[in-house]
Number of protein chains: 2
Amino acid sequence: MLDNIARLRRFNRAVTREVGALDHSYLGRGRPLGAVRVLQLITRRGTDIAHIRAKLTLDSGLLSRLLRALEAEHLIHITTDPTDRRRRTAQLTPAGAAEMAAYDAIGYAKATETLARAGNRQQALLDAMDLIATTLLRDQLEIRDADPNDPAAIACLQSYYDLLLEKIDGLTPNMLTLPLSDPDNYRAPHGAFLIAFSDDFPIGTVSLRPLEATIAEVKRLWVAPHAQGQGLARRLMQAIESRAKSVGYIHLKLDSNESLTEALTLYRRDGWSDIPAYTSFPATHWLGKTL
Amino acid sequence: MLDNIARLRRFNRAVTREVGALDHSYLGRGRPLGAVRVLQLITRRGTDIAHIRAKLTLDSGLLSRLLRALEAEHLIHITTDPTDRRRRTAQLTPAGAAEMAAYDAIGYAKATETLARAGNRQQALLDAMDLIATTLLRDQLEIRDADPNDPAAIACLQSYYDLLLEKIDGLTPNMLTLPLSDPDNYRAPHGAFLIAFSDDFPIGTVSLRPLEATIAEVKRLWVAPHAQGQGLARRLMQAIESRAKSVGYIHLKLDSNESLTEALTLYRRDGWSDIPAYTSFPATHWLGKTL
DNA sequence: GATATTACCTGACTTATATCAGGTAACTTG
DNA sequence: CAAGTTACCTGATATAAGTCAGGTAATATC
């Protein structure tokens, strides 16, 4: 155990240096780090000041001063909320957006440098980073509705298809459409497309489409490799089942392939049972559940 | 590529929070972080002030003040170097050592908490952390001589044995001795035990022992999984070969097992060629090289 | 032995970050 | 509608952290 702690501390040292370098680069534009962090939270469409304060746990006095400084630089524009005139909203001005783009460029350059340093281990490095980020940000996991044509949805589907192509013999890319040919099936009120986000990164998905008036089909359950082992698949299934129930469905169906053993185990453990085949290749197993 | 950058930034955010929490905990003992960092570098046996300044890249004025503050708290004791009376050396007092132990306990608690949060993914998390630390600290890699009974050496051998037991059928723990039964064979002047350290963590080893006047044997080449793919094995082999040459050996031998394919490929690519068998199980391949 | 360099110190100053007490306008609630 | 709460602002104050100009021994170099 002591050894593990030592490993973790070595990691902290390594990463402190790296993060410190990034922090320092933010200081290269004549603005304190605190101001930059505030600026990063402000969007073109406007961000509530209270939201910034909560997110960064800043003293109201401090935040007030930082905002004033940013306003004096014409980077942001503060307006009063019409519905509650005590509330204020900060908006990025065009100059502010340009400044953020400059910070972005710095961050991009730093990130590129770090990746380049990894040489031929880039992919391994990124995978390791995903795993750590997902584990440490575990408490920030959020399952949200998304449109099937949303970029995050497309990214999830792409990863899901990659997994299928790797696992299922005989499956070819032309059998998988991207974007989906029937997006409306996955939109409210009769369908759903759920995505699990960790710090705004898609790390899992599941969707629902109508079959008959009281029957819907659960489709495309996927969890990113670095997020596996945390019960996310089960949470996604619970979310989609309760959604189906609230929409009014009574029966659920799904198809799967024998290669997807973990998924099949999960379904069976959660009350799904075998039903007659209702689709063809690549499906080899068909399951149903009554809500 | 842009996507990779986004992944890296998410990692940065996750880790900044974690490291920030650790930093913050250091402030909980009524001492600024800068002072703590200085204190951490000071040992009971004494640390050169110039060394501290170089390591932390501190202004001489700032460091001077921090040291004075620590001295006023009776945590350190500053003496003048007798050989060069401009130089000064800071030593930890018993009170200072006690204070450092308290900081250690804080770090230990924080680390334990982080690991606990990882739940059943602790091992995966630690492996990912090792990979990242080794990659980011790549420039701090150092190959040093060690004693075969040194704790770092024992740790390397243990890992090496674990690898062998996993890869070679028929091998049992009782065939592998730890610590080595013939440590003197691996000590200067006729032998050597090299360890590759990354930020003082052992991540690879190789050793040399005498066979005859002009012939030596290369033994136990091992590289930690998270350090593979960076050419470390080759660097270790080059180091041990040049050591053998400088000691006066002309011929080198080694034995290996067919399961250790990467190692065999490396040897052959670096000028080693097959020789008659000179050992028995678990060896299946025997190679030699003339310096 | 004069001159330069090194190692460290001192004091003045700046900036970033943080905290606190008090104030005002807007909104909520009994 | 009076009293309390909320959202934000202002000004005072503190501390941490870093920079800079100058100073003093001790040592190195020609």
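Throughout, protein chains are lettered first and strands after them, A, B, ... in sequence-line order, and every chain is numbered starting at 1. This structure is a prediction, so every number in the text was calculated from the model and none was measured.
Across A:Ile132 and B:Met129, no two heavy atoms sit closer than the pair CD1-CG, 3.6 Å. Across every non-hydrogen atom of A:Arg243 and A:Asp145, the tightest pair is NH2-OD2, 2.6 Å. Nearest heavy-atom pair, A:Leu8 versus B:Leu126, reported as atom, atom and distance to 0.1 Å: N-CD2, 4.4 Å.
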Test salt bridge (charged side-chain N to carboxylate O under 4.0 Å, His left out) applied to B:Lys55 and B:Asp48, step by step
CA-CA 11 Å; B:Lys55 194 95 178 181; B:Asp48 246 30; over 6 Å; no
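At the heavy-atom level, B:Thr80 lies nowhere under 4.0 Å from the strands shown. Within 4.0 Å of B:Leu63, counting heavy atoms only, lies no atom of the nucleic acid at all.
Taking atom CZ of B:Arg86 as the reference point, atom P of C:dA4 lies 16 Å away to the nearest angstrom. Here the P atom of nucleotide D:dG18 and the CG atom of B:Leu66 are 9 Å apart, to the nearest Å. The nearest whole Å value for the distance from the CG atom in B:Asp59 to the P atom in C:dT10 is 14 Å. In this structure, B:Asp48 places its CG atom 16 Å from P of C:dT6, rounding to the nearest Å. Per the geometry, CG belonging to A:Asp81 stands 15 Å off C1' belonging to C:dA25, to the nearest Å. Taking atom CZ of A:Arg65 as the reference point, atom C1' of D:dC8 lies 12 Å away to the nearest angstrom. At whole-Å resolution of the value, CG in A:Leu67 and P in D:dT10 are 11 Å apart. The CZ atom of A:Arg87 sits 15 Å away from the C1' atom of C:dA25 (whole-angstrom rounding).
For the OP1/OP2 pair of D:dT10 and a distance below 4.0 Å, the side-chain nitrogens and oxygens of A:Arg68 include at least one atom meeting the criterion. Note on A:Arg85: every side-chain N or O is 4.0 Å or more away from OP1 and OP2 of D:dC8.
The residue among A:Leu62 and A:Asp84 whose nearest nucleotide of DNA chain C lies closer to the 5′ end is A:Leu62.
Listed nucleotides: C:dT17, C:dA18, C:dC8. Nearest to the side chain of A:Leu58: C:dA18. Taking only side-chain atoms of A:Arg88, from C-beta outward, the nucleotide of C:dC9, D:dC8, C:dC27 with the closest atom is D:dC8.
For the residue pair B:Thr134/A:Arg10, the side-chain donor-acceptor check at 3.5 Å is satisfied.
Remark: the B:Ser60 side chain and the C:dC9 base include a donor-acceptor N/O pair separated by less than 3.5 Å. Within 3.5 Å, no donor on the side chain of B:Arg53 pairs with an acceptor on the base of C:dT6, nor the reverse.
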